[in-house]
Amino acid sequence: MSRSRYPVWLILAVAVALLWTFLPMYWVVKYAFMTKSEIARFPPELYPHAPQLAAFYNIFGFDYTAADGTVFPASGQANQIMLGLRNSLLVSAIVTIVTMVVVLPLAYVFARMDFPFKGKMLAAVLLSVSLPPVSTLIPFYTLYVQLGLVGTLGGLVIITLTITIPIVAWLLIGFFKNLPPIEAMGRIDGFSRLYIFVRIIVPMAKSGILVAGVIGFLFSWNEYVYAQVLVTGSDAVTLPAAMSGFLFQVPEPAQLAASLFLSLLPPFFIAFFLQKHVAEMNFA
Amino acid sequence: MARIDLQNIVKRYGSHDAVSSLDLTIHDGELLVLLGPSGCGKSTTMNMIAGLTEPTSGRILFDGKDVTDTSPHERNIAMVFQSSLLYPHLTAYQNIYMSLKRSGLPRNEIEARILRAAEMVDVRRLLDKLPGQLSGGERQRVATAKAIVREPDCFLLDEPLSALDAALRMSLRAELVNLQKRFNTTMVFVTHDQVEAMTMGDRIGIMRNGKLEQIGTPEEVYNRPETLFAAGFIGSPPMNLIEGEVVAEGGMKVFACKDFRLPLAGAFAGMAPASAAVLGIRPYLMQLAGSGPGALPMKVYAIEQLGNEAIVIADTPSGARVRAVAPAGFHAQVGTVLHARFDPADALLYDPGTQRPFAVQDREAA
């Protein structure tokens with residue numbers, strides 16, 4: 001690579017962006033490999049001097065004996081973390097599937113067809129994107145208490161859908177709008193609307209649909225506000241809610257960091273495998 | 001092959017008429033070009049012929065049969081879309097195949113037809129490629145193969161060449177005309193490029209604001225534009241249009257614009273005086289000449305060298321920008337005042353009120 005290929009300001013900007021993104025992550029992740037006393041030290045250590053996996057054992061419910069004989073006891077939160085991991089995967093998977101089943105036809109119709117009150121209905125969808133979850137928390141909570149949905153996975157799935165459906169719809173409407181007028185060609189070739197949607201539009205929009213699906217998954221995976229109120233401490237607890245136990249109930253920074261590390265893994269792998277599709281798509 | 005009749009077609013979007021009471025007949029085997037600026041209703045008209053858009057009112061007949069309510073597929077037409085649209089996730093072969101997928105033909109017949117069509121437009125070696133791997137010209141050829149493979153009654157082409165560079169456009173233009181003449185299939189070609197229209201069309205329909213301004217052969221629309229708009233739209237360089245008035249001077253009718261006086265000849269010699277008139281004259285019919293009565297003074301704005309000739313662009317005293325053709329290599333300083341002459345019999349006179357030429361009836365009524 002030649003030296004003059006990228007201007008200096010660009011390299012600097014990228015460096016700042018990378019630092020901004022990765023420094024906090026690094027800071028947390030390094031705690032996962034440190035002991036409580038190392039973490040408490042001031043000035044803080046820049047990296048774990050004697051990296052050890054105690055916290056990971058502990059959050060999965062195992063004691064850990066270090067080389068020097070120190071025993072790190074299993075975490076009292078282990079049960080919640082394990083449940084949280086399972087529930088988070090389950091809820092996110094179901095939410096993603098339901099979101100896509102609902103949103104694919106919805107976004108297509110909004111993007112590519114005309115019907116009465118389309119503008120107003122679209123505004124309603126977009127308004128709910130801009131609504132902060134906290135604003136609907138109390139009405140939902142009251143409703144859920146009445147319906148007996150507090151502390152259930154089904155209840156959490158339903159409430160998470162109120163976040164993912166509008167945002168994924170918003171993304172996909174934009175994406176579908178940019179497709180060329182391929183329906184006209186399909187109609188001349190003699191295909192039905194449904195055939196055109198399933199066999200032509202969906203394959204054409206594969207990248208955008210995948211990425212929109214992943215964004216739905218991540219919104220569900222990261223959902224904390226509703227989970228904290230509705231499922232904390234129950235069998236339906238999710239990973240973000242379970243992790244907060246290390247903050248509020250038994251402060252264990254290393255174990256908190258270890259479970260955070262765990263929660264970073266799925267998004268990381270998804271982002272890694274979808275790079276190609278992200279680069280291909282264009283939501284402009 | 002089909003003759004297509006549009007009868008009193010209206011397409012209304014809200015309160016806006018995209019096409020208003022259009023009557024149009026496309027003869028069997030004819031290449032009709034619909035020409036006009038964007039938003040003139042030419043694409044809407046084509047989409048209604050295709051059956052993609054339903055007219056608000058009016059009827060569409062194919063060979064005398066009413067097809068207004070039939071689906072695009074039933075009309076047995078083939079369409080090439082803007083920028084030669086293809087299914088981007090399918091190979092060239094599959095794209096062509098999609099035209100016949102619902103045809104009910106046996107498999108081997110379909111295959112034979114695809115290969116024949118591909119042969120005809122020279123894309124056999126491209127059949128395994130995806131549209132993204134093809135150049136603009138190759139995509140255009142595949143789109144053409146996709147159209148001819150159906151052996152349709154009518155080809156509809158919606159600005160298929162607009163995204164290509166000039167040289168490629170020129171060669172594909174000839175290819176399309178050649179193909180159409182060989183098949184002798186009715187073709188409707190939509191474009192905003194008047195050169196494309198002039199070079200390709202058996203007839204040209206000039207559209208503006210949802211209305212047909214004029215329809216006729218290239219010679220007709222070039223030599224006898226029926227509206228001011230048609231006069232200004234057809235021809236490269238475009239027709240010069242000079243605003244002025246018609247006055248009676250010394251027993252003659254004279255076109256007057258500032259100090260410029262032109263005694264009228266031909267059909268316009270006997271017309272009534274008019275307070276407003278637009279004189280139209282093709283740049284090729286104007287000669288640079290010395291000053292004197294009947295010579296149009298003009299101040300040079302720019303000169304374009306075309307190799308075989310030069311185009312002088314200049315402003316008349318009334319502010320109209322005109323063009324005149326001069327011999328190759330002609331030079332003049334910007335700002336120099338030149339004079340141009342033309343035969344009054346070559347000039348056209350339009351009534352800016354009606355936008356049409358002053359009619360013979362006007363003259364006789366006077």
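Quick caveat: nothing in here was measured; it's all calculated off a predicted structure.
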Greater than 12 external heavy atoms within 6.0 Å of A:Met82's CE
no

More than 12 non-hydrogen atoms from neighbouring residues, nucleotides or ligands closer than 6.0 Å to OH on A:Tyr26, yes or no?
yes

Is the count of non-hydrogen atoms from other residues, nucleotides or ligands lying under 6.0 Å from B:Arg203 atom CZ greater than 12?
yes

By side chain to side chain contact (heavy atoms under 4.5 Å, CB included), which residues pair with A:Leu89, not counting sequence neighbours?
A:Trp221

Backbone N or O of B:His73 within a donor-acceptor pair of the A:Arg187 side chain at under 3.5 Å?
no

Under 4.5 Å from a heavy atom of chain A, the part of B:Ser99 involved:
both

Quick check: under 4.5 Å, non-hydrogen atoms only, which of residues 77-94 of chain B neighbour chain A?
B:Ile77, B:Met79, B:Phe81, B:Leu85, B:Leu86, B:Tyr87, B:Pro88, B:His89

Any A:Asp189 side-chain heavy atom under 4.5 Å of B:Lys146 side chain
yes

Atom CZ of B:Arg150 and atom CD1 of A:Ile188: how far apart are they, to the nearest 0.5 Å?
7.0 Å

Within 6.0 Å of CG in B:Asp165, more than 12 heavy atoms from elsewhere:
yes

Residue, of A:Pro180, A:Ala184, A:Pro181, A:Gly186, that accumulates the most heavy atom pairs under 4.5 Å with chain B
A:Ala184

Evaluate whether atom CD of B:Glu54 has more than 12 neighbouring non-hydrogen atoms of other residues, nucleotides or ligands under 6.0 angstrom away.
no

Considering only residues two or more places apart or on different chains, which pairs with a residue in residues 154-164 of chain B satisfy side chain to side chain donor-acceptor pair (under 3.5 Å)?
B:Ser43-B:Asp158, B:Glu159-B:His192

Name all residues meeting the side chain to side chain contact (heavy atoms under 4.5 Å, CB included) criterion together with B:Lys101; count only those two or more places apart in sequence or in a different chain, and write none if there are none.
A:Phe191, A:Tyr195, B:Tyr97, B:Met98

